[in-house]
Novice: 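Structure provided below as structure tokens; questions to follow.
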Amino acid sequence: MPELPEVETLRQDLAKEVVGRKIRAVAVANGRSVRRHQSAKHFRALLEGRTIKAVGRVGKYLLMTLDSGDVLVIHLGMSGQLFRVRDGKEPKPKHTHVVIAFHQGGELRYVDPRTFGELFVSAAPKGVPPELDHLGFDPLEDPMSWERFALLLRAHHCGLKALLMNQQFVAGIGNLYSDEILFASGLRYDRLSDSLSTTEVRRLYRAMVETLTEAVKHRGSTLADEQYRDLFGEVGEYQGQHQVYDREGQPCRRCRNPIVRVKTGGRSTFFCEHCQV
DNA sequence: ACGCCCGCCTGTAAGC
DNA sequence: TGCTTACAGGCGGGCG
């Protein structure tokens, strides 16, 4: 379940691996992954012959800027994976839906069992795809003052977890990192966003930036299902640092009380009843 | 305006 | 043992 740290890890590796490479051919094996285009042929035509100039990220979206000015947008959804393969003859994993082959050899493969993810090419007139206009600020790319963050929080009246996971408010945080951020903040998932003291606002902002930064340093989280793999097929290292996520019944690393799991909105939330108020 | 639920999907694992 | 069911959850959309 790639969230900001996993996507940022991919972005950093992609920047080293594919910038400057010219696309020789694109193969689409499953049209569901390129839903926004009239046809897979149209999608391919916008990519073939183009050179990748830069790799960016907004929230959970990867942005590959092409020499045409267009941007290849990749969203991994729940189960999407990107693999850089040197030899195209290597056996393809099941659910390999899109293959981007380069002139200089090798290819980039998009694999996605649950097909919640998607790829599309955006005209991006201002360099930023208008399809992503709805996204809120990126916690690592768009730093802001505590005062401004406090204003944004107070503009809403909803539970902190729901707000952190709302991509229109802040882009890139999902179920796993929202729980970790709230533990690091010492705040409960159901605290209302307009009820925080100045100190709590600062703790939340600081925890958000620090938790995500630390997770990027550890190359993201790979859970028991081993769903997340990096560009080279390796697992992340941040799962060992988790304080609450997927730790139901295990002792809180801070106070030793058992971590509690509750269902909210059909999703699991993990937290410490003692450390989070 | 937000909470809540569904549908989209497949792989895994628990339960009967 | 083998089938069924639940669960995992990002995101958009519908409903209350």
Side-chain angles (χ1 to χ4, degrees), chain A residues 1-10 28-36 57-63 73-82 92-98 110-120 122 129-136 138-139 151-182 188-196 212 215 220-229 235-236 239 242 244-249 259 261-271:
Chain A
M1 41 228 70
E3 299 179 32
L4 188 153
E6 290 76 31
V7 178
E8 175 61 18
T9 301
L10 283 169
V28 178
N30 185 341
R32 212 183 116 74
S33 298
V34 290
R35 272 167 288 184
R36 299 192 197 216
R57 179 190 59 75
V58 178
K60 302 171 194 171
Y61 291 81
L62 279 169
L63 310 177
V73 181
I74 303 178
H75 185 259
L76 301 172
M78 269 297 298
S79 59
Q81 298 173 315
L82 281 173
K92 288 183 180 60
K94 209 174 167 182
H95 307 296
T96 301
H97 301 323
V98 180
Y110 177 75
V111 179
D112 188 5
R114 294 179 217 177
T115 63
F116 286 6
E118 64 168 337
L119 295 81
F120 63 92
S122 170
E131 293 88 346
L132 306 185
D133 277 350
H134 66 284
L135 293 177
D138 186 284
L151 283 177
L152 291 179
L153 284 175
R154 276 185 227 125
H156 294 264
H157 178 73
C158 75
L160 284 180
K161 173 153 173 164
L163 193 57
L164 286 178
M165 287 180 63
N166 179 351
Q167 303 300 300
Q168 279 132 283
F169 176 74
V170 53
I173 299 170
N175 203 42
L176 192 163
Y177 290 102
S178 61
D179 282 3
E180 292 299 320
I181 289 166
L182 288 170
R188 279 176 62 106
Y189 67 97
D190 52 0
R191 271 293 292 281
L192 292 174
S193 55
D194 55 0
S195 77
L196 271 56
L212 296 172
S221 303
T222 301
L223 302 176
D225 60 10
E226 308 229 332
Q227 195 88 189
Y228 169 71
R229 297 284 180 143
V235 299
Q239 58 279 2
H242 291 176
V244 286
Y245 190 80
D246 210 16
R247 296 195 67 241
E248 181 187 13
I259 299 300
R261 174 185 191 154
V262 293
K263 282 264 180 185
T264 49
R267 305 283 182 253
S268 286
T269 291
F270 301 88
F271 72 108

Novice: Has F116(A) got its ring stacked on dC11(C), by the test of a centre gap below 5.5 Å and a plane angle below 30°?
Specialist: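 Not stacked by the 5.5 Å and 30° rule.
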Novice: Would you please classify the geometry between the Y245(A) ring and the F270(A) ring as parallel, tilted or perpendicular, with 30° and 60° separating the classes?
Specialist: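 Perpendicular.
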Novice: Does T264(A) reach a base, just sugar-phosphate, or nothing at all? Heavy atoms under 4.0 Å.
Specialist: nothing
Novice: Can you tell me how far C1' of dG10(C) sits from CD of E3(A), to the nearest Å?
Specialist: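 It works out to 9 Å between those atoms.
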Novice: Want to settle it: does H134(A) or R114(A) sit nearer the 5' end of DNA chain C, counting the closest nucleotide to each?
Specialist: R114(A)
Novice: L176(A) CG to dG9(C) P: how many Å, rounded?
Specialist: 8 Å
Novice: Could you check whether G117(A) gets within reach of a base, just the sugar-phosphate, or nothing at all, counting any heavy atom under 4.0 Å?
Specialist: nothing
Novice: May I have the distance from Q168(A) (atom CD) to dG10(C) (atom C1'), rounded to whole angstrom?
Specialist: 13 Å
Novice: Can you tell whether the side chains of D138(A) and R57(A) come within less than 4.0 Å, N to carboxylate O?
Specialist: yes
Novice: Between S178(A) and Y189(A), does any side-chain donor sit less than 3.5 Å from a side-chain acceptor?
Specialist: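 On atom types as modelled, these side chains do not qualify, holding no pair under 3.5 Å.
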Novice: What's the CD-P distance between Q167(A) and dG12(C), to the nearest Å?
Specialist: 8 Å
Novice: So K161(A), base contact, sugar-phosphate only, or nothing? Heavy-atom distance under 4.0 Å.
Specialist: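 K161(A): no heavy atom of the nucleic acid under 4.0 Å.
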